[in-house]
**Student:** 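Below is the structure I would like to discuss, written out as structure tokens.
Because only heavy atoms are used, hydrogens play no part in the values below, and waters and symmetry mates are left out as well, while side chains stay in.
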Amino acid sequence: MLDIGFLELMLIGVVALLVLGPERLPRAARTTGMWIGKIKRTVSGMQREISAQLEAEELRQKLNEQQQKLDNSLRKAKLDVESIADTSTNSNAGRSTASSTDASQRDTEQRVAKAAARLDDALDTVHEEPPSSSSAPDSTAHSPTSEPDTTDVTKAESTKDRHHQ
């Protein structure tokens, strides 16, 4: 911080002794030391607060990225289910209308409808819940494409918790 050598400190001490006298010098030194300590603690607290805010912002960005990946994977899964339903309907339309074909077609359509409904519910649930540090890693664990990133979020959360304790 300050580039003060031994000679400068001796000069300051001699001047303080002459100005304040031997009775008030110890009290002035204690008061100065107390104020310097308070200033150091305040600066240290500010640095910790700024660091915590930066980490929180990084976590928010990671959570938003995870949310977007989850949304994209759910949309892709829904499109895949719908395309499977369309292809099965088209392939069954070309076949004869035997009762077994109709039954399998109805069964396939029911399964596709249930799967599409589940995906719609999952999308609605994801959008209804606000992103929080406790719910986001659990919701991303269901998507196979985002599992490696989940560990990064978990590591960042544990680091954040360690800094706040």
**Student:** Can you find a pair of side-chain heavy atoms, one from L59 and one from E55, that are under 4.5 Å apart?
**Tutor:**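 A side-chain contact is absent here, since even the closest heavy-atom pair is not under 4.5 Å.
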**Student:** Is there side-chain contact between L70 and Q66, with heavy atoms separated by less than 4.5 Å?
**Tutor:**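 Counting from C-beta outward, L70 and Q66 never come under 4.5 Å.
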**Student:** Using distance only, find each side-chain donor-acceptor pair of residues 15-39 under 3.5 Å and give its atom names and separation, not counting sequence neighbours.
**Tutor:**
residue	atom	partner	partner atom	Å
R24	NE	L20	O	3.3
T31	OG1	R27	O	2.9
T32	OG1	A28	O	2.7

**Student:** Is a side-chain N or O of S51 found less than 3.5 angstrom from the main chain of Q47, in a donor-acceptor match?
**Tutor:** no
**Student:** Would you say L74 and K78 make side-chain contact, with heavy atoms under 4.5 Å?
**Tutor:** no
**Student:** Can Q61 and E65 be counted as having a side-chain donor-acceptor contact under 3.5 angstrom?
**Tutor:**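 Not at all, the side chains of Q61 and E65 share no donor-acceptor pair under 3.5 Å.
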**Student:** Got a sec, which hydrophobics cluster with L79, joining ILVMFWY side chains under 4.5 Å apart, including via others?
**Tutor:**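 ILVMFWY cluster around L79 holds nothing else.
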**Student:** Enter the distance from M46:CE to R41:CZ here, rounded to the nearest 0.5 Å.
**Tutor:** 13.5 Å
